[in-house]
Every structure is written in C-alpha cells, then in structure tokens.
Amino acid sequence: MEVYEYDFVQEKPSFPGGDSRLLEFINSTRRYPKEAYKARVQGRVTCSFVVNTDGSISHVRVLKGVEESLNNEAVRIFSAMPSWHPGRNDNQAVPVRVIWSIPFRR
C-alpha cells in the first residue's frame, strides 16, 4: 500500500470538526494509567497512524514514547478514534500518514 506523507497531499486528512474536536476527543478519551500517575510519570507520546481512503485509522505506531503504560494508552486512543475525512490528491481519496502527540501531565 502506498501511503502519502501528510505534507505531500493536496487536501490533508482531518478529524470531523477539526483540530479542536480532535483535542476534545483526546481529552475525553484519555485515561491516565494509575501506576504511572502515582509514580509521577509524565510526558508526551508521539505516534504515527494512517488515515485510510475510507477515513478509518490503522497502523498506529509509537514514534517517541515515555513509558510503556502511557505509550499503550496513546495507541488505544488513536485506535479508538472515529473515522476522519480522508486526504485527497486530484480529488481522489488516498491513504495518508499523520503524526500527532498526546500529552500526559499530572
């Protein structure tokens, strides 16, 4: 499968309602792992994922992690996202790799 990079498509994929809705989704879905919270582990987990031609999310991968439980939570959040509006080239939907970070702060 040929996957386009985010900056190299004519129309970028987007979360329904835009970035502000994406942040609302992340904040309402995020569950800070108890042990990490107690141990005061915090940081930003950066992941990549593919928005497919039908808007579904696949190939979620941690690019820069913090700690295993936080990394797993970030993957869970991205995997649970609703379908996006797919990216397009020449008015045709194409799979696009997106990179996004989820902060974990106490």
| message | Contact between Val41 and Leu70 at the side-chain level, heavy atoms closer than 4.5 Å - yes or no? | response | yes
| query | Mind checking whether Val3 and Phe8 sit in one hydrophobic cluster, side chains of I, L, V, M, F, W, Y counted as touching below 4.5 Å? | reply | no
| request: Before giving the answer on side chain to side chain contact (heavy atoms under 4.5 Å, CB included), spell out for Arg44 and Lys64 the whole-Å C-alpha distance, their side-chain angles and the decisive distance to 0.1 Å. | output: CA-CA 8 Å; Arg44 181 178 299 271; Lys64 184 175 180 218; over 6 Å; no
| Taking the side chain from Arg30 and the backbone from Pro103, do they hold a donor-acceptor pair closer than 3.5 Å? | yes
| request: Using the side chain to side chain contact (heavy atoms under 4.5 Å, CB included) rule, take Glu2 and Val94 through it: C-alpha gap first, then chi angles, then the decisive distance, then the call. | output: CA-CA 9 Å; Glu2 181 180 6; Val94 295; over 6 Å; no
| Side-chain heavy atoms of Val66 within contact of Gln42, under 4.5 Å | no
| task | Say whether, by atom type as modelled, one donor and one acceptor occur between the side chain of Asp54 and the main chain of Ser56 under 3.5 angstrom. | result | yes
| request: Quick one: closest heavy-atom pair of Ala80 and Phe25, and the distance? | output: O-CZ, 3.7 Å
Could you list the donor-acceptor pairs under 3.5 angstrom formed between side-chain atoms of residues 84-93 and any protein atom two or more places apart in sequence or on another chain?
from: Arg88; atom 1: NH1; to: Asn91; atom 2: O; distance (Å): 3.3
from: Asn89; atom 1: OD1; to: Gln10; atom 2: N; distance (Å): 2.8
from: Asp90; atom 1: OD1; to: Gln10; atom 2: NE2; distance (Å): 3.4

| said: Just to verify, what does Ser48 make a side chain to side chain contact (heavy atoms under 4.5 Å, CB included) with, not counting sequence neighbours? | reply: Arg61, Leu63, Arg97, Ile99
| task | Just jot down the ring pair (Phe, Tyr, Trp, His ring centres under 6.0 Å) partners of Tyr32, sequence neighbours excluded, or say none. | result | Tyr37, Phe104
| query | Is the shortest heavy-atom distance from the side chain of Val50 to the side chain of Val96 under 4.5 Å? | reply | no
| query | What is the distance from atom CG of Asn27 to atom CD1 of Ile102, rounded to the nearest 0.5 Å? | reply | 9.0 Å
| field | Any residue meeting salt bridge (Lys or Arg N to Asp or Glu O under 4.0 Å) with Glu24, in chain and number order, not counting sequence neighbours | value | Arg21
| Hey, is CZ on Arg40 packed in by over 12 heavy atoms from elsewhere, all under 6.0 Å? | no
| Which pairs count as ring-ring contact (aromatic ring centres under 6.0 Å, His included) when at least one residue sits in residues 56-81, sequence neighbours excluded? | Phe49-Phe78
| note | Shortest non-hydrogen pair, Glu73 vs Pro33, comes out as CB-CG, 4.4 Å
| field | From Ser79 atom OG to Ile57 atom CD1, the distance as rounded to the nearest 0.5 Å | value | 9.0 Å
| Can you list the steps and then say if Thr29 with Arg76 is a side chain to side chain contact (heavy atoms under 4.5 Å, CB included)? | CA-CA 9 Å; Thr29 307; Arg76 185 193 69 78; 3.7 Å; yes
| query | How many angstroms lie between CG in Leu22 and CD1 in Ile26, if you round to the nearest 0.5 Å? | reply | 4.0 Å
| field | Partners meeting salt bridge (Lys or Arg N to Asp or Glu O under 4.0 Å) with Glu67 (sequence neighbours left out) | value | none
| query | Hey, does Cys47 have a side-chain heavy atom less than 4.5 Å from the side chain of Val45? | reply | yes
